[in-house]
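These numbers come from the heavy atoms of this one structure, side chains and all, not from hydrogens, waters or symmetry mates. Read the numbers this way: they start at 1 and go in the same order the structure lists the ligands and their atoms.
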Amino acid sequence: MKHVSYWHDTATPFGAAQEGPVDGRYDVAVIGAGFTGLSAARKLAREGLRVAVLEARHVGAGGSGRNGGHLNNGVAHGYAEAKAHLGANRAHALYTAYDRSIDMIEDVIAEERIACGFRRSGKLKLASKPSHVAGLRANYELVHREVDSDTRWLERSDLAGEVGSEAFHGAMLYEKSAMMHMGRYVTGLATAVDRHGALIWEGAPVTDRDKRAGGWELATPKGRLQADRVIAATDAYSAEVPGAPLRYFRRRIVSVGSYIVATRPLSPEEVATTLPGNRTCVTSLNIGNYFRLSPDNRLIFGGRARFSAVSDQRSDAKSAEILRASLAHIFPHLAGVEIDYCWGGLVGMTKDRFPRAGEADGMIYGMGYSGHGAQMSTLVGQVLADMAMGRTDTNPLAGMDWPAIPAHSGRPWFLPLVGLWFGLKDRLS
Ligand SMILES: Cc1cc2nc3c(=O)[nH]c(=O)nc-3n(C[C@H](O)[C@H](O)[C@H](O)COP(=O)(O)OP(=O)(O)OC[C@H]3O[C@@H](n4cnc5c(N)ncnc54)[C@H](O)[C@@H]3O)c2cc1C
């Protein structure tokens, strides 16, 4: 079993990072080379600005190269909950922003000719318990009526042609949702950023920041640069670099481990008895699972296997065992299947699980996608680029309050308690 992301292992790594020291003066410096940072850098470079991207590890090292591969539309919450929390107008605007974010990815892929297997597969939200059906169906009816007519309700008897499992009791289908190869997209985006004239440094963690006349100086172990504006695009990884000038975000984001296994390639017969519908799938439990097929027909099966703030080889391997058990529960015919890949990553949660984008502490930022950011990060990146150029009317998250989480400064000591609480809720629901 390889302890590496399937997306990293099957994409050509970005090959045009700067080799020399970090230096120079730029209009905008971007911290973080995931979808958010690269999408912002691409737009700014296309507009002719001088742009530098500083990445602690390598392009796509964070969530962007480690996720489940789903581009799901719709807010992750029940729509009634989103309306109650945000108000009807903002909930509607946010829902449609997720739709737009997928359209935008399709446009970027076409403009930059990125071969990443983008496909409008549709997503199934699967009811894991009979008691979940009524809530899921009520959500479907509300969404269908108010914001997304490209949705359908599937009864348990309709699922046979979709998912080869007895574990589900009905599902909501979101037809606008898509899937793609995340590693090829993130590398393609970085290659486009380079082609449009921005500079990308890898292995260049930002460890300090000083105010300078008309801007900022950022320090990395590879050197320092000056920039008029700084974009923070570090999401769940905001606490990963000691000393990084990201304290504002560390106090507002809770980084939670999420884990994935990928099986060996399934035979055509196994595909037909496992996921004949070939869609992205998400289950309705709080500590649930998400899965899809890879381009070479592996089952890519993920979940919040453990409530841990760590993703390393040991932690990921423990999670693989938990995921294997969930996989066998949902697909008993795959109980003994070989697992070829196992990896994990950090998901950046906000307290209300809605993302944030704006300006604070001298930086423009977009983050907190709460596990639902592979699509939205491309749109938010473009919004951050607009802000850096003085345009503020494109931000669907403008003006959302974002208080610090009490007693939290980046290391979420309370995660095991949260895990117990959600586990209990799942057992009782
Ligand atoms: C296991 C897993 C499964 C997921 N599945 C899905 C899914 O199927 N669908 C979905 O919509 N979302 C999913 N997500 C969430 C999604 O991947 C993220 O929301 C999205 O990739 C965030 O992109 P980003 O560019 O904002 O952040 P990231 O891709 O995390 O990039 C942040 C970057 O900042 C860098 N960085 C941090 N600190 C510094 C510093 N001081 N200096 C320089 N660089 C720094 C990091 O190294 C990192 O590369 C998943 C996430 C995980 C971890």
So, regarding Val206 and ligand 1 (criterion: nitrogen or oxygen to nitrogen or oxygen, under 3.5 Å), is there a contact or not? yes
Quick check on contacts: which atoms of ligand 1 are under 4.0 angstrom from a heavy atom of Phe35? 21 (O), 25 (O)
Please tell me whether Asn73 and Ser177 have a donor and an acceptor in their side chains that are separated by less than 3.5 angstrom. yes
Taking the inter-plane angle between the rings of Tyr6 and Tyr341 on a 0 to 90° scale, is it parallel (under 30°), tilted (30 to 60°) or perpendicular (over 60°)? perpendicular
For ligand 1, which atoms have a heavy atom of Val347 less than 4.0 angstrom away? 51 (C), 52 (C), 53 (C)
Flag the pair Tyr98 / His372 as yes when their ring centroid distance falls below 6.0 Å, and as no otherwise. yes
At under 4.0 Å between heavy atoms, which part of Ala233 makes contact with ligand 1: side chain, backbone, both or neither? backbone
Taking both backbone and side-chain atoms of Gly373, is any N or O found less than 3.5 Å from an N or O belonging to ligand 1? yes
Atoms of ligand 1 less than 4.0 Å from Gly63 heavy atoms? 17 (O), 21 (O), 28 (P), 29 (O), 30 (O)
Quick one: side-chain hydrogen bond (donor to acceptor under 3.5 Å, both in side chains) pairs with a partner in residues 218-227, sequence neighbours left out? Asp210-Arg224, Glu217-Arg224, Glu217-Gln226
Per atom 21 (O) of ligand 1, closest listed option by heavy atom (Ser64, Gly381, Ala236): Ser64
Any ring-ring contact (aromatic ring centres under 6.0 Å, His included) pairs touching residues 14-72, not counting sequence neighbours? His8-His58, Phe35-Tyr185, His70-Tyr290
Has ligand 1 got any nitrogen or oxygen that is less than 3.5 angstrom from a nitrogen or oxygen of Ser238? no
Angle class for the Tyr174/Tyr95 ring planes (parallel below 30°, perpendicular above 60°, tilted otherwise)? parallel
The atoms of ligand 1 lying under 4.0 Å from a heavy atom of Gly68, numbered in the order shown, are 3 (C), 4 (C), 5 (N), 6 (C), 7 (C), 8 (O)
Hey, does Gly371 come in under 3.5 Å of ligand 1, counting only N/O atoms on both sides? yes
Which one holds for Ser258 and ligand 1: side chain close, backbone close, both close, or neither close, with close meaning a heavy atom under 4.0 Å? both
Distance under 4.0 Å to a non-hydrogen atom of Leu346: what atoms of ligand 1 satisfy this? 53 (C)
Side chains of Glu47 and His196: donor-acceptor distance under 3.5 Å anywhere? no
Does ligand 1 have a heavy atom under 4.0 Å from the side chain of Tyr369, from its backbone, from both, or from neither? side chain
What part of Trp343, side chain, backbone, both or neither, has a heavy atom within less than 4.0 angstrom of ligand 1? neither
Atoms of ligand 1 under 4.0 Å from any heavy atom of Ile31, numbered from 1 in the order shown, are 40 (C), 42 (N), 43 (C), 44 (N)
For ligand 1, which atoms have a heavy atom of Asn67 less than 4.0 angstrom away? 2 (C), 3 (C), 4 (C), 5 (N), 6 (C), 13 (C), 14 (N), 17 (O), 50 (C), 51 (C)
Any N/O pair Ala33/ligand 1 closer than 3.5 Å: no
Any nitrogen or oxygen of Thr36 lying under 3.5 Å from a nitrogen or oxygen in ligand 1? Just yes or no. yes
Distance-only donor-acceptor check, side chains Thr36 and Tyr369, under 3.5 Å: yes
Any N or O on Glu55 sitting closer than 3.5 Å to an N or O of ligand 1? yes
